[in-house]
2 protein chains.
Amino acid sequence: MKSVFSSHPDVEDLGVAERIQAIVGELPRQEARVAQYMLLNIDDLVFQNGASIARKAGASEVTVSRLLRRLGFRGMAGLKRELRTQRDEGSIDMSGDRELDKLDPALKHALDGELRALVSVFSQTMDPRWTRAVRTVTGAQRVFVTGFQSVRGVAEDLSRRLALVRDDVRFFSAHDGMLGEWVGDVEARSAKRKDCVIIVDVVPYAQEAPLLARMSREAGRQLVVLTDELCHWAQSHTELVFHGPSRNGLIIESTVALTSLANLLVDAVARRDPAVAERRMRRWHKITRKLNVF
Amino acid sequence: MKSVFSSHPDVEDLGVAERIQAIVGELPRQEARVAQYMLLNIDDLVFQNGASIARKAGASEVTVSRLLRRLGFRGMAGLKRELRTQRDEGSIDMSGDRELDKLDPALKHALDGELRALVSVFSQTMDPRWTRAVRTVTGAQRVFVTGFQSVRGVAEDLSRRLALVRDDVRFFSAHDGMLGEWVGDVEARSAKRKDCVIIVDVVPYAQEAPLLARMSREAGRQLVVLTDELCHWAQSHTELVFHGPSRNGLIIESTVALTSLANLLVDAVARRDPAVAERRMRRWHKITRKLNVF
DNA sequence: CTTTTCATGAAAGGATTCTTTCATTATTTG
DNA sequence: CAAATAATGAAAGAATCCTTTCATGAAAAG
């Protein structure tokens, strides 16, 4: 688990792997065997105990115990303690920003999580499905956007910004009147250019989302889902599911990654015809300017 | 390692966090507390045992044991087994580092910008003014949140999430009816506990923001502003201005940093009294669950 | 070849961790 | 308000894990 930014190798205390590496050559036969095993399965050590390592490495429990002692760890507990601090250290180093060292540890962890989440989000744009999603949204006759509870705002902003970039985008809420209009529109099924529904959703809150998803498909609409990493229902309705990790250790889950996904979607759609998009944006700026003067 | 996409999260076996998430709302008090702790420290669970979790979560060992069983794990061992298979499925990893080379240069640049923006945002929480802002929001009698145009959704979500964590939060829009109610309330000026207004704003669009800011101050309300890096007007109305950089080279400016600022604000307020926040969250989970069944 | 040193695991002990049982307390229901 | 139900932790028991001790055998030294 590396950080997004290159992590700084602490000069003084070596990591677990290095320590083993350093002495593996001068160990007695069985201990070396165990050491070797640990090196090869270093990521797995946190899930193990002395006995299991002994078994898998083909040595006795005592040997593992002795080896750990020789490596300078206070037993399995000590090794895990070490692994943990290693993970904590390795997780953040922000481009030499020493200042961040003073950050509250919880926040530091959260920041690291957010950074990873963003990387994950951007990575998803390389997936062929992303391109398909963008094409879907771009080519759709009309686009409906919805979102619930704590991410409803994300969905609303998405619809607003998407509307800057293409025609016939609207936000709709299952509880508002618009649902009627939306449902009643039956001939959409057979239209040449299909409609597209974008659902922004986070798992704990939405029972509505799966329902809407099903309805959308049944009405012959394409479906794009932006959701968090916990989502399990979306896959079965469409392949166009994209995840913005939301757990970051804070009390409230993060909407940053989802927001980024939404931003990227808008940008990608705009990019399909940059000239048009820019023209629209400019016109819009002009309008708001006029409105603002009032 | 693996792709960022989990190949196909089997519908049947949910991840650990999901399982917890799924039932946290309907758990008894202490078990919920433990569950909450596990969610917030999920990355740390592999290093822990039942006793340590119990201690840190403030419950008894037995409670942890029971919770695990209720979640469907065969004790701590079972949970770790689950965590391991989850990791094997690649749901946690992120090492897209190399992969990112294939990213469209424009997006790469944008990603870099977003990362920096987030670091900047988190850095601002170390500023004494941040603490003051948090105190202001926490201590205010009522909190009004507003935002315009393309960040209105951010503001709405902020108000919703803030409302999960403290009383008397409401979103208001200058163009809606609520403004009247808000303006007419003159005696607020002399109240012992002041009201607080949070404005979420990005520069190109809002003429309204400075106006509202002025009105707020004149009405004796505290003012907190979350804005982008281009903002020039806010400083003169309040010192509690925080910036979420929004220019990232994409066609549409980013709302990610602003979103993060909003998230952090909510978390900080919640953190002022975690017990209360947790209780509120839990109650809310329960309610939405009930609503969802409808 | 003998002695010394070292490596190793079996066995037992001790420590830790998990679970079961049960009495107390809180919550819900009638 | 009373009865029933659920939640909770203390205590004890069971299981697991780690270490200590010691006997055995192998390698190294003399």
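Numbered from 1 within each chain, the chains take letters A, B, ... in sequence-line order.
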> Expressed as a whole number of angstroms, how long is the span from B/Lys80:NZ to D/dT16:C1'?
13 Å
> From CG of A/Leu68 over to C1' of D/dC17, roughly how many Å is that when rounded to an integer?
13 Å
> For a quick test of reading the model, state the closest non-hydrogen atom pair linking A/Arg247 to B/Leu39 and the distance between them.
CD-O, 4.3 Å
> Count the heavy atoms of every other residue, nucleotide or ligand shown that sit under 6.0 Å from CZ of A/Arg74, and state whether that count exceeds 12.
no
> To the nearest angstrom, how far is A/Glu61 atom CD from C/dG9 atom C1'?
11 Å
> Atom CZ of A/Phe148 and atom OG of A/Ser173: how far apart are they, to the nearest 0.5 Å?
7.5 Å
> Could you verify whether a donor N or O on one side chain and an acceptor N or O on the other, from B/Thr63 and B/Ser60, lie under 3.5 Å apart?
yes
> Can you tell me how far the CG atom of A/Leu45 sits from the CD1 atom of A/Ile20, to the nearest 0.5 Å?
7.0 Å
> Polar atoms only, N or O, under 3.5 Å: list the protein pairs with nucleotides 3-8 of chain C and their distances.
| unit_1 | atom_1 | unit_2 | atom_2 | d |
| --- | --- | --- | --- | --- |
| C/dT8 | OP1 | A/Arg29 | N | 3.4 |
| C/dT8 | OP1 | A/Gln30 | N | 2.5 |

> Would you give the length of the straight line joining atom CZ of A/Arg69 to atom CG of A/Leu67, rounded to the nearest 0.5 angstrom?
11.5 Å
> Is it true that the side chains of B/Ser260 and A/Glu114 contain a donor and an acceptor less than 3.5 Å apart?
no
> Let me know the distance between CE of B/Met76 and C1' of D/dA14, rounded to the nearest Å.
19 Å
> Please name the pair of heavy atoms, one in B/Arg221 and one in B/Val197, separated by the smallest distance, quoted to 0.1 Å.
CD-CG2, 3.6 Å
> Please pick, from D/dT20, D/dG9, C/dC18, the nucleotide with the shortest atom-to-atom distance to any side-chain atom of A/Arg69.
D/dT20
> To the nearest Å, give me how far apart CG (A/Leu79) and C1' (D/dC17) are.
15 Å
> To the nearest Å, how far apart are A/Arg74 CZ and D/dC17 C1'?
17 Å
> Go through residues 45-58 of chain A and report each residue with a non-hydrogen atom lying under 4.0 Å from DNA chain C, sorted by number.
none
